[in-house]
Novice: 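Let me give you the structure first, and then I'll get to my questions.
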Amino acid sequence: MSTLNAEQTRAVEYAGPARHLLVLAGAGTGKTTTIVQRVAHLVRGGTKPERILLLTFSRRAAKEMRGRLAAALGPVTDRLTIGTFHSFCWEVISRIPKTFGVQAATVIDRDDATSLVTLARSERVERSEKDFPKAAQIGDWMSYARNCMLPLADYLAEFTEVPDEWAARVVAIADAYTAKKRERHYIDYDDMLELLVRGLEKSEALRTQMKALYGHILVDEMQDTNPVQWRLLDLLRDPAQLYCVGDDAQSIYAFRGADFRNVHAFRERVADAEVLKLTENYRSTQEILDVSNWLLARSPLQYDKELRAARGRGSKPRLLDFASKFDEAAWLANDLRVRHEAGANWHDHMILVRTAWSAKSIEAALVEADIPYTFIGGTSFLQAAHVKDVLSLLRASLNRLDELAWVRYLTLWPKVGDVKAGKVVRALADAPDASVFDVLMKELRGRDEIAEAVHLATAYAATPSAAIGAVCQNLDSLLSTRYDRWEARKSDLKLLAQLGEKYSSLREFVETFTLDPISNSEAAKSSEEDTVTLITVHSAKGTEAPVCYVAQAQAGLYPHTRSLGDLDREEEERRILYVALTRAQHELILTRAGDESVNIFQFGSTARAVGEGYFLEELPGEIVDVTHMGFGGTKSALDALKDLDDEIGW
DNA sequence: CGCCACTCCTTTTTT
DNA sequence: AGGAGTGGCG
């Protein structure tokens, strides 16, 4: 989109009268273009690039922005500050660590945070108390409360069903977590935002200096901004101008504290602000927007949105019903192959899924059909156990107080368990002046190889790739006995070493990796450009593709069963589906599987839907073509006998 | 103290 | 159907 329409031009060139601006941009209306062109407009108009701060939500979005700005502006892009809220905060904090009391800190990811909560929980909760909230749940509550800047106790009382006597203990566990975190010099994701906000609130000197840095603060996906992030923007704006872009209908991060109603209240919350709208959709054909509009119009919430296609008409979206998710996946793979053989590029196709987990059956089919694909989304898959093993050794070598890393590394070795590892950790903390190597040699007599691997990592601290290479070689035989398919996993470690080449110190590498874990597939993508994209809807926001498959669009996933019983959460699910539908440019294909293999995962959810139980239940035939694909090859009439087996079973 | 076998529970989305 | 947590054994 090289030429802008009148609405876009107005937004890009906006010069007052209000100081701050919110651009409400519907899906496909050129939101990214607008923000990119705005930056270009400012720079060309003489604003120093150093005075511009561009904040995004996801790393993907930050990367995309940087790429598009580089194309528009050239090398001057490097002088802009572009990053996620988290990376921006962390960069500020790491420049002045003493101010925040975080010298020599280690950034921990969600998994590590959960382990720390588990530790704190186990000291306060008997094993027999099976109903007591799990560590992961407690971690979620803590995180949510912090993102909303609410005291945990208030949050629990107001927004959860936790009984008071438990709530007090949950708070005690949270406090213990915080204490452990501090003691071990850990920084979790929420700390990054919280520390900077607190610091700015407390220190007028810091506030004054930071405010002087930027003249323009641009925020992408404003509807996903949660209270801490709002607070940060409040602290940094004036005289800096806010330039926010967002779409209330695409707000899908309520679980992180975002409230889409905030964009409606923009003018009440931000004095001296104006709101502009972008309404013309350039991405999709009218048929695709008809389905999207239909979905949104059925919501009890008022979005006041009707997307119109600037491109005109195309083909009618399709809905295909399958007997099982295996049939569905097999069909997807086959359809992709047919299109590819007809000359289409793999990368023109995107398969959208509600959950990272549900992508598995599709992945299997793609692998079997030998279709190159890139999976984007989910968190747990990114960090394979063996990669974390190696990383734990690197981390331990960098921070002798990094208990989680030490325990993980040490217990890799045979005959070293939690107890022995705990002893070593204590010895390291108790003798801060003794060298790490000496302490290890002393505590683990006769196990020299354990200390040697650490020594190796330390020796190569200045060359991350060499350190990783050496460490992997050293741990090779140990890890090979621990994991099956070791050869396949080993290639991940090679990749890790490769990634290390870009960094000039081990510390820098480990820190960046924790904040920005590159998935195997994403890294592999660079070597193989033309691939099909398999992606979670959450990750897909802001992307598009000519042909989009919205897979597993059945009851139980839209809305997701876990959201049932709370209208706000159910309606968020509608927005998730809306985001999925509006990714398509030319063709939209919905597929769903009707078998119990998908619905099995609804167990335990007794909650019933308050609103629509299933968004596509009444999808009219006029706007989609429905095809029943019936039984595929994987099901035989003889399968009915299987049920007998259990009944007879002698 | 570590290891193994067993059971139970799980699976939303991201920084 | 596989992983995390648990309990008993060597």
Side-chain angles (χ1 to χ4, degrees), chain A residues 55-62 83-90 107-111 113-115 118 121-122 125-128 130-131 134-137 139-140 143-144 146-147 187-194 221 224-226 228-229 250-258 352-361 376-383 385 410-411 413-423 482 484 514-517 519 535-541 552 556-564 569-570 572-573 575-577 579-580 597-605:
Chain A
L55 294 171
T56 67
F57 253 73
S58 65
R59 306 181 292 252
R60 275 174 58 77
T84 62
F85 273 94
H86 288 85
S87 65
F88 170 69
C89 292
W90 183 233
V107 176
I108 57 172
D109 63 14
R110 199 52 190 264
D111 282 355
T114 306
S115 316
T118 306
R121 183 184 179 274
S122 66
V125 179
E126 291 299 318
R127 294 188 211 289
S128 56
K130 296 220 160 188
D131 296 339
K134 302 281 176 295
Q137 171 78 81
D140 285 348
S143 179
Y144 188 91
R146 294 173 69 193
N147 275 298
I187 293 290
D188 66 23
Y189 289 142
D190 298 327
D191 283 328
M192 298 179 181
L193 292 159
E194 207 176 72
E221 308 284 10
D224 291 329
T225 308
N226 60 35
V228 207
Q229 290 161 335
Q250 293 186 69
S251 167
I252 54 176
Y253 284 96
F255 66 91
R256 238 171 58 183
L352 295 123
V353 288
R354 172 67 183 83
T355 68
W357 179 79
S358 70
K360 273 181 148 184
S361 58
I376 301 168
T379 44
S380 50
F381 298 102
L382 300 181
Q383 290 174 315
L410 293 171
T411 55
W413 297 89
K415 293 185 206 296
V416 179
D418 285 340
V419 178
K420 180 68 99 2
K423 244 187 91 189
R482 222 181 152 81
D484 54 345
T514 314
L515 210 55
D516 190 356
S519 69
I535 190 167
T536 62
V537 182
H538 279 83
S539 307
K541 198 160 57 167
Q552 304 187 342
L557 281 165
Y558 297 99
H560 195 282
T561 27
R562 300 268 299 214
S563 73
L564 299 183
R569 295 180 60 193
E570 288 175 21
E572 170 146 315
E573 299 286 315
R575 296 192 292 269
I576 292 169
L577 182 53
V579 169
S597 66
V598 183
N599 299 333
I600 260 171
F601 304 104
Q602 296 178 27
F603 58 77
S605 78

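Being a predicted model, the structure only gives us computed values, none of them experimental. Just so it is clear: chains get the letters A, B, ... in the order the sequence lines come, proteins before strands, and each one is counted from 1.
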Novice: Who pairs with A:F88 by ring-ring contact (aromatic ring centres under 6.0 Å, His included), at least two apart in sequence or on another chain?
Specialist: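 In terms of ring-ring contact (aromatic ring centres under 6.0 Å, His included), with neighbours along the sequence ignored, A:F88 is linked to no residue.
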Novice: Does A:F85 reach a base, just sugar-phosphate, or nothing at all? Heavy atoms under 4.0 Å.
Specialist: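 A:F85: no heavy atom of the nucleic acid under 4.0 Å.
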Novice: Might you work through the side-chain contact (heavy atoms from CB on, under 4.5 Å) test for A:Y558 and A:V537, ending with a clear yes or no?
Specialist: CA-CA 12 Å; A:Y558 297 99; A:V537 182; 3.7 Å; yes
Novice: Can you tell me if A:S539 touches the phosphate of B:dT13, counting only side-chain N or O atoms and a distance under 4.0 Å to OP1 or OP2?
Specialist: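 Indeed not, no polar side-chain atom of A:S539 lies that close.
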Novice: Under 3.5 Å, which protein N or O atoms sit close to an N or O of nucleotides 1-5 of chain B? Give each pair with its distance.
Specialist:
residue: B:dG2; atom: OP1; partner: A:G417; partner atom: N; Å: 2.8
residue: B:dG2; atom: OP1; partner: A:K420; partner atom: N; Å: 3.4
residue: B:dG2; atom: OP2; partner: A:V419; partner atom: N; Å: 3.4
residue: B:dG2; atom: O5'; partner: A:G417; partner atom: N; Å: 3.4
residue: B:dC3; atom: OP1; partner: A:K415; partner atom: N; Å: 2.6

Novice: Taking atom P in both B:dT13 and C:dA4, what distance in whole Å separates the two?
Specialist: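 The answer is 16 Å between these two P atoms.
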Novice: Please confirm whether the ring centroid of A:Y144 lies under 6.0 Å from the ring centroid of A:F255.
Specialist: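 Between A:Y144 and A:F255, the centre distance exceeds or equals 6.0 Å.
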Novice: Is A:F255 stacked on the base of B:dT13 when the test is centres under 5.5 angstrom and planes under 30 degrees?
Specialist: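 Stacking between A:F255 and B:dT13: present.
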Novice: Quick one: is B:dT14 close enough that its OP1 or OP2 comes under 4.0 Å of any side-chain N or O from A:T536?
Specialist: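 A:T536 to B:dT14 OP1/OP2: side-chain N or O found under 4.0 Å.
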Novice: Rounding to an integer number of angstrom, what distance separates C:dT6 and B:dT11 when you compare their P atoms?
Specialist: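 To the nearest whole Å, 15 Å.
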Novice: Picking from B:dT13, B:dT15, B:dT12, which would you name as closest to the side chain of A:R354?
Specialist: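 Nucleotide nearest to A:R354's side chain: B:dT12.
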Novice: Treating A:H560 as the side-chain partner and A:E573 as the backbone partner, does any N or O pair qualify as donor plus acceptor under 3.5 Å?
Specialist: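 Checked: no pair found.
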Novice: A:E573 side chain: which of B:dT12, B:dT15, B:dT14 is closest?
Specialist: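 Side chain of A:E573 sits closest to B:dT12.
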Novice: Taking atom C1' in both B:dT12 and C:dG5, compute the distance separating them and give it to the nearest angstrom.
Specialist: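 To the nearest whole Å, 23 Å.
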Novice: Using a cut-off of less than 4.0 Å, is there contact between a side-chain N or O of A:R110 and OP1 or OP2 of B:dT14?
Specialist: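 It does not, given that no N or O in the side chain of A:R110 lies less than 4.0 Å from OP1 or OP2 of B:dT14.
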